2 protein chains.
Amino acid sequence: MVESRAWQVVLERIEHDLLSGTLQPGDHLPGERALAADLGVGRSSVREALRVLEVLGLIRTASGSGPRSGAIIVALPSGGMSALMRLQVAAQGFSVEDIVQTRLILETETVSRLAENPDLRTIHTPRTLLGAMESQNLSPEEFLTLDAQFHLSLTEAMGNHVLTATMAGLRSSIEDYVRAGLPRLASWPATATRLRHEHRALADAIGAGDAERARSVIHDHITGYYLETGLAEDVTATPVPEPAS
Amino acid sequence: MVESRAWQVVLERIEHDLLSGTLQPGDHLPGERALAADLGVGRSSVREALRVLEVLGLIRTASGSGPRSGAIIVALPSGGMSALMRLQVAAQGFSVEDIVQTRLILETETVSRLAENPDLRTIHTPRTLLGAMESQNLSPEEFLTLDAQFHLSLTEAMGNHVLTATMAGLRSSIEDYVRAGLPRLASWPATATRLRHEHRALADAIGAGDAERARSVIHDHITGYYLETGLAEDVTATPVPEPAS
DNA sequence: GCCCCGTGTGTGGTCGGACCACAAACACTA
DNA sequence: TAGTGTTTGTGGTCCGACCACACACGGGGC
């Protein structure tokens with residue numbers, strides 16, 4: 001036996017059943033006691049494996065009885081990605097600079113492709129959030145929440161779940177730092193006004209199909225806040241050219 | 001108490017200690033029994049939390065006694081990222097197309113920045129791997145292993161741990177699929193020759209500081225294999241958006 | 001004195017059993 | 001028939017008991 005740890009056996013069994021099609025999204029996993037008996041391991045080991053799958057966003061568990069109870073396969077990657085990145089930032093495995101730089105790369109390419117692809121320019125959700133952000137009596141926290149939703153909805157427009165989950169993870173991993181940067185701003189109203197303007201300019205650039213402008217706006221938008229609050233520096237690298245297509 | 005689940009209490013405690021600096025990379029966690037007693041939970045719950053942290057790449061555990069035993073904070077994100085993405089692909093939460101598209105975005109930008117930044121052009125490890133790949137008596141599997149190391153070493157040259165971990169996860173998540181695509185190739189020797197040529201062209205473009213050429217080469221290189229094996233199509237084009245509900 | 005080796009001790013790893021709260025399905029009553 | 005109480009099985013948690021392991025200690029043997 002290659003894997004001496006019992007919980008890894010459980011994990012491998014489930015991954016194998018997933019790959020072989022025995023287990024499909026929406027299916028119920030066998031009960032913890034049944035799984036333990038099948039694999040010849042203790043129930044505690046099964047639970048450790050299930051806990052991992054739950055945190056990774058692969059299953060949803062519910063106690064009680066009936067169809068809604070038990071462990072159900074539901075691939076919701078954003079939660080697991082967020083947990084992973086948040087903890088890695090806490091453990092100093094990820095630096096805030098690296099997070100921001102990665103976000104910059106992904107989001108720049110995202111808005112660029114949104115602008116280039118006529119099919120994707122119907123960005124309804126971002127525009128709605130844009131309107132919500134116009135309200136003048138929003139607290140900074142409320143504004144930042146809408147801000148996060150705005151950026152996330154842009155990524156969602158790409159229809160790429162990997163991209164969406166990654167962006168959600170990147171965002172949530174530095175959420176506390178973004179909030180912590182609020183007091184360091186010279187003037188919140190001024191910053192809010194600037195952010196509103198940049199958001200609108202970004203949406204307009206995408207709507208107009210101006211990829212180059214979208215790239216420029218999102219770059220300045222993202223780097224702006226972090227430079228202003230001193231959270232991350234050196235994020236901005238060399239100017240980004242058009243991708244070869 | 002917002003979190004009723006005992007294992008979440010443990011996770012939150014550790015995350016809190018991490019953020020407050022009480023726990024630092026390299027530190028030992030308290031023993032499982034001590035942790036359980038401190039938090040007023042059972043040892044099983046502590047173990048479930050520790051298992052999550054281990055899979056996420058946050059800690060390393062070893063039994064026995066002495067300084068090398070116990071749970072030690074070691075932020076190694078690549079392992080956790082690989083596990084997450086591999087399982088999400090297995091559970092159909094991530095599609096191979098989305099994985100490849102994300103990889104394309106990240107790697108294109110990576111090689112572009114490597115070419116643009118003179119400080120990063122000293123890509124010694126990739127060049128070494130390039131030499132190893134010249135050997136004519138490599139099995140396809142061995143070649144693909146070197147191929148993976150080559151691409152990963154390029155990302156590592158960026159010095160961004162988030163990027164490195166993400167790329168490692170993306171790569172390992174579709175590793176099985178890449179291997180499965182081997183038999184579908186018309187001619188492995190021909191493909192190997194083409195890959196060698198593209199790798200060399202990429203390294204040359206980076207060394208010459210030609211970012212635009214590097215983007216072009218890596219784009220064709222990545223899409224080429226997947227198109228040839230039929231693993232993923234429409235990688236370059238953006239997917240069709242879902243109708244707003 | 002120094003070195004080697006058995007033993008002690010504490011660690012994580014695992015198992016089994018025992019409860020609890022909960023939710024659905026069932027059986028029973030009015 | 002409608003409503004209600006009970007049964008049943010689930011995950012969630014805790015506890016106690018081992019095991020294998022690796023280091024620390026200490027007692028010979030040199």
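Protein chains get the first letters and strands the later ones, always in sequence-line order, with residue 1 at the start of each. Quick caveat, the model's predicted, so the values are computed rather than measured.
If you take CG on Leu23(B) and CG on Asp17(B), they are separated by 5.5 Å, rounding to the nearest 0.5 Å. Once rounded to the nearest 0.5 Å, the distance linking CZ of Arg103(B) with CG of Leu170(B) reads 8.5 Å.
First and last contacts of DNA chain D with chain A, using any nucleotide atom under 4.0 Å from a protein heavy atom and ordered 5' to 3', fall at dG9(D) to dT13(D).
In this structure Phe143(A) satisfies the ring-ring contact (aromatic ring centres under 6.0 Å, His included) test together with Trp188(A), sequence neighbours excluded. For the ring-ring contact (aromatic ring centres under 6.0 Å, His included) test, residues two or more places apart in sequence or in another chain that qualify with His221(B) are His151(B), His199(B).
Remark: Arg179(A) does not engage Glu141(A) in a salt bridge, criterion side-chain N to carboxylate O under 4.0 Å. Of the charged side-chain nitrogens involved, at least one lies within less than 4.0 Å of a carboxylate oxygen, so that Arg113(A) and Glu109(A) count as a salt-bridged pair. With salt bridges taken as basic N to acidic carboxylate O contacts below 4.0 Å, none links Glu12(A) and Arg5(A). Ion pairing of Arg51(A) with Glu48(A) is absent here, as no side-chain N (NZ or NE/NH1/NH2) approaches a carboxylate O to less than 4.0 Å.
Nearest-nucleotide assignment on DNA chain C puts the 5′-proximal partner with Ala62(B), out of Ser45(A) and Ala62(B).
Sparse packing is recorded around NE2 of His16(A), with 12 or fewer heavy atoms of other residues, nucleotides or ligands lying under 6.0 Å away.
In this structure, CD1 of Ile59(B) is placed 13 Å from C1' of dG13(C), rounded to the nearest angstrom. One interatomic measurement links the two molecules: CD of Glu48(A) to C1' of dG13(C), which rounds to 8 Å at whole-angstrom precision. One atom, CG of Leu50(B), and another, P of dT14(C), lie 13 Å apart when rounded to the nearest Å.
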Please list every donor-acceptor pair under 3.5 Å in which a side-chain atom of residues 68-81 of chain A meets a protein atom from a residue at least two apart or in another chain.
{"unit_1": "Ser69(A)", "atom_1": "OG", "unit_2": "Gly66(A)", "atom_2": "O", "d": "2.8"}

Inset, instruction - Let me have a per-nucleotide readout for nucleotides 3-10 of chain C, 5' to 3', with B, S or -, counting only protein heavy atoms under 4.0 Å. - result: -------B
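At a threshold of 4.0 angstrom between heavy atoms, the contacts of Arg60(B) with the nucleic acid are absent.
The stretch residues 29-44 of chain A touches DNA chain D through Gly31(A), Glu32(A), Arg33(A), Arg43(A), each having a heavy atom under 4.0 angstrom from the strand.
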Legend entry - Pair Arg86(A)-Glu15(B), salt bridge (Lys or Arg N to Asp or Glu O under 4.0 Å): steps then yes or no: CA-CA 9 Å; Arg86(A) 200 158 36 81; Glu15(B) 183 179 2; 2.6 Å; yes
